[in-house]
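Residue numbers begin at 1 in each chain, while the letters A, B, ... track the order of the sequences. On a predicted model such as this, the values are computed, not experimentally measured, just so you know.
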Amino acid sequence: MKIGYSSTNWSFDCRANSTFRIGSYSRDRFIKTVKGNLDCLKKILEYNISNDILFFRISSDILPFAGHSILNVNWRREFKKELSEIGKMIKNGNVRISMHPGQYLILNSPNDEVVRSSVRELKWHCQFMDAMGLDNTAKVQFHVGGVYGNRSDAMSRFVNTFLELPNFMKKRAVLENDDSLYGVSDCLLVSYQCNVPLVLDVFHHSLHNAGETLHDALLSTSRTWGRDDGLPMVDYSSQEKGALPGRHAKHIDPKEFMEFIKATSGYDFDIMLEIKDKEKSVFTALNVAKEIRGVLQPSLKPLD
DNA sequence: TCACGTCAAGCAGAT
DNA sequence: ATCTGCTTGACGTGA
């Protein structure tokens, strides 16, 4: 079991997700921004490794507008050295990486242009991971998409589009249940047809489900992960008290998390915390998990 | 330096 | 018809 956080480390004054407005796009602006992002990513990874935080979700803003037609920089060539170095840090540190492109990646849209841009978006995320030399346990997660008034048609469109994707994209892709349209049971149907692993979002599942228990959901999603895919990934967050249902908490609730860790004692998986205060909540969660489960995963420090 | 309107893109549900 | 949330606040103009 590894526990991680996404995008930003609030202990640092650097950001690995700096971006800019498309109106201020230039070659130079892109290169400067990405250079800053990659430098900061290195710092975050060093910090994470020395603190036994071995799971990290890299923001899609690491390469701003990478899927947009405005882009005229060959970032794989431009940042070859940096990407390869970061990849070695990740490998040497026993770190797991995920990415989660935004709400505009919709493979099942009835609009062809939306599908094409979604494929471009997925493509660069996969190329980015490939450029770092990451193994097949590094994943790009996204949702099934919209319903468009006909769920089974919408699911078929997803399957058809997905099966046409090249292998380097298929092997990185993982689906995640969302909080209103496609729950675990829907995602499982798609998962079986596409042979795509399924991330269980515990919080979404609590808001939108077909009556399955947490145990059912964890068992069925865990089975979608093949040997090369690594441990199943689970997204976890708490409800912000007093806010509308669905609002993520600012800090993890240690008691709730302990209940979760106890309730899932028969399973091993990696947990991505989707909680506002980032690394702070990870420290709390790691302490809880170690208390219940003992030693988790050691980080492997680089040799030199 | 700060406030605050806006940010590439889609979709569904609430108001 | 318009607003909100999504995975995430931050960019950037104007004062």
Side-chain angles (χ1 to χ4, degrees), chain A residues 4-10 12-26 29-30 32-33 36-37 40-41 44 55-71 97-125 139-151 153-155 157-158 161 174-183 186 199 201-204 207-208 233-240 243-250 271-279 281:
Chain A
Y5 62 101
S6 73
S7 310
T8 303
N9 181 313
W10 295 119
F12 285 14
D13 55 6
C14 73
R15 295 287 170 260
N17 56 342
S18 291
T19 181
F20 48 84
R21 297 288 172 261
I22 196 164
S24 36
Y25 177 87
S26 70
R29 181 73 189 263
F30 176 83
K32 284 202 171 101
T33 303
N37 284 344
C40 186
L41 176 59
I44 292 175
F55 192 14
F56 186 66
R57 180 187 292 168
I58 298 173
S59 167
S60 295
D61 281 336
I62 191 92
L63 301 179
F65 305 106
H68 194 281
S69 56
I70 198 170
L71 191 87
I97 294 294
S98 72
M99 296 183 83
H100 192 336
Q103 61 269 45
Y104 305 107
L105 200 170
I106 304 159
L107 292 184
N108 77 345
S109 173
N111 179 336
D112 285 345
E113 191 42 52
V114 173
V115 176
R116 273 195 290 274
S117 70
S118 297
V119 171
R120 280 200 299 274
E121 190 72 5
L122 176 58
K123 183 178 176 184
W124 82 253
H125 282 84
K139 297 296 188 186
V140 182
Q141 70 185 81
F142 50 96
H143 299 292
V144 176
V147 171
Y148 313 94
N150 187 326
R151 180 174 299 267
D153 281 3
M155 287 164 80
R157 276 201 305 278
F158 182 96
T161 301
V174 293
L175 276 179
E176 178 197 343
N177 59 304
D178 65 63
D179 62 359
S180 63
L181 304 179
Y182 292 95
D186 299 313
V199 177
D201 186 311
V202 174
F203 191 42
H204 288 167
L207 296 168
H208 181 243
M233 291 180 179
V234 169
D235 285 358
Y236 182 95
S237 79
S238 318
Q239 169 68 36
E240 175 76 1
L244 291 172
R247 169 72 67 186
H248 289 185
K250 293 188 186 66
I271 305 176
M272 178 53 57
L273 297 185
E274 293 179 337
I275 295 184
K276 299 279 180 203
D277 69 356
K278 309 291 181 184
E279 74 280 2
S281 282

Would you tell me whether His143(A) and Gln103(A) have side-chain atoms, one donor and one acceptor, within less than 3.5 Å of each other?
->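 No - no donor-acceptor pair under 3.5 Å links their side chains.
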Going by atom types only, do Ser60(A) and His125(A) share a side-chain donor-acceptor pair under 3.5 Å?
->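 Present: a donor and an acceptor within the cut-off.
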For nucleotides 8-15 of chain B, just jot down a letter per nucleotide in 5' to 3' order: B, S or -, based on protein non-hydrogen atoms under 4.0 Å.
-> BBBSSS--
Indicate yes or no: at least one non-hydrogen side-chain atom of Lys276(A) is less than 4.5 angstrom from one of Trp10(A).
->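 Of all side-chain heavy-atom pairs linking Trp10(A) with Lys276(A), none is under 4.5 Å.
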Heavy-atom side-chain contact between Asn177(A) and Tyr182(A) under 4.5 Å =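 Asn177(A) vs Tyr182(A): side chains apart.
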Which is true for Thr19(A) with a 4.0 Å heavy-atom rule: it touches a base, it touches only sugar-phosphate, or it touches nothing?
->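 Touches sugar-phosphate only.
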For Arg29(A), answer base if it contacts any base atom (sugar-phosphate contacts may also be present), sugar-phosphate if it contacts only those atoms, and nothing otherwise; contact means non-hydrogen atoms under 4.0 Å.
->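 Counting heavy atoms under 4.0 Å across all strands, the contact made by Arg29(A) is with sugar-phosphate only.
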Please report the distance, rounded to the nearest Å, between [atom1] in [X] and [atom2] in [N].
| X | N | atom1 | atom2 | result |
| --- | --- | --- | --- | --- |
| Tyr25(A) | dC11(C) | OH | P | 18 Å |
| Glu176(A) | dC6(C) | CD | P | 12 Å |
| His208(A) | dC6(C) | NE2 | C1' | 15 Å |
| Arg15(A) | dT8(C) | CZ | P | 14 Å |
| Arg57(A) | dC6(C) | CZ | P | 13 Å |
| Asp61(A) | dA10(C) | CG | P | 10 Å |
| Lys250(A) | dG9(C) | NZ | C1' | 14 Å |
| Ile275(A) | dG9(C) | CD1 | P | 12 Å |

First locate atom CD1 of Ile106(A), then atom OG of Ser117(A), and finally report the distance between them rounded to the nearest 0.5 Å.
->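 Spacing of CD1 (Ile106(A)) from OG (Ser117(A)) equals 8.0 Å.
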Would you indicate, yes or no, if dG9(C) has its OP1 or OP2 atom less than 4.0 angstrom from a side-chain nitrogen or oxygen of Lys276(A)?
->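 Result: yes.
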Can you tell me if the side-chain N/O atoms of His143(A) get under 4.0 Å from OP1 or OP2 in dT7(C)?
->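 True: His143(A) side-chain N/O within range (under 4.0 Å) of dT7(C) OP1/OP2.
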Both distances under 3.5 Å, Watson-Crick or G-U wobble: on that basis, could you give the dot-bracket string for DNA chain C, with [ ] for crossing pairs and | for other-strand partners?
-> ||||||..|||||||
Tell me the closest heavy-atom pair linking [X] and [Y], and the distance in Å.
| X | Y | answer |
| --- | --- | --- |
| Asn17(A) | Thr8(A) | ND2-OG1, 3.3 Å |
| Glu274(A) | Ser237(A) | O-CB, 3.0 Å |
| Ile271(A) | Phe55(A) | O-CD2, 3.3 Å |

Kindly state whether the ring of Phe65(A) and the ring of Phe20(A) have centres lying under 6.0 angstrom apart.
->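 Yes, they do, as the ring centres are separated by less than 6.0 Å.
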Between [N] and [M], how far apart are the two [atom1] atoms, rounded to whole Å?
| N | M | atom1 | answer |
| --- | --- | --- | --- |
| dG9(C) | dC11(B) | P | 25 Å |
| dG5(B) | dG5(C) | P | 16 Å |
| dT6(B) | dT2(C) | P | 15 Å |
| dG10(B) | dA10(C) | P | 24 Å |
| dC4(B) | dT7(C) | C1' | 23 Å |
| dC7(B) | dT4(C) | C1' | 16 Å |

Mind checking ring-ring contact (aromatic ring centres under 6.0 Å, His included) for Tyr25(A) and listing every partner two or more places apart, or none if nothing turns up?
->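 ring-ring contact (aromatic ring centres under 6.0 Å, His included) check on Tyr25(A) returns nothing, list empty.
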Considering heavy-atom distances to DNA chain C, does Trp10(A) or Ser24(A) have its closest nucleotide positioned more toward the 5' end?
->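 Mapping each residue to its closest nucleotide by heavy atoms, the 5'-most match is Trp10(A).
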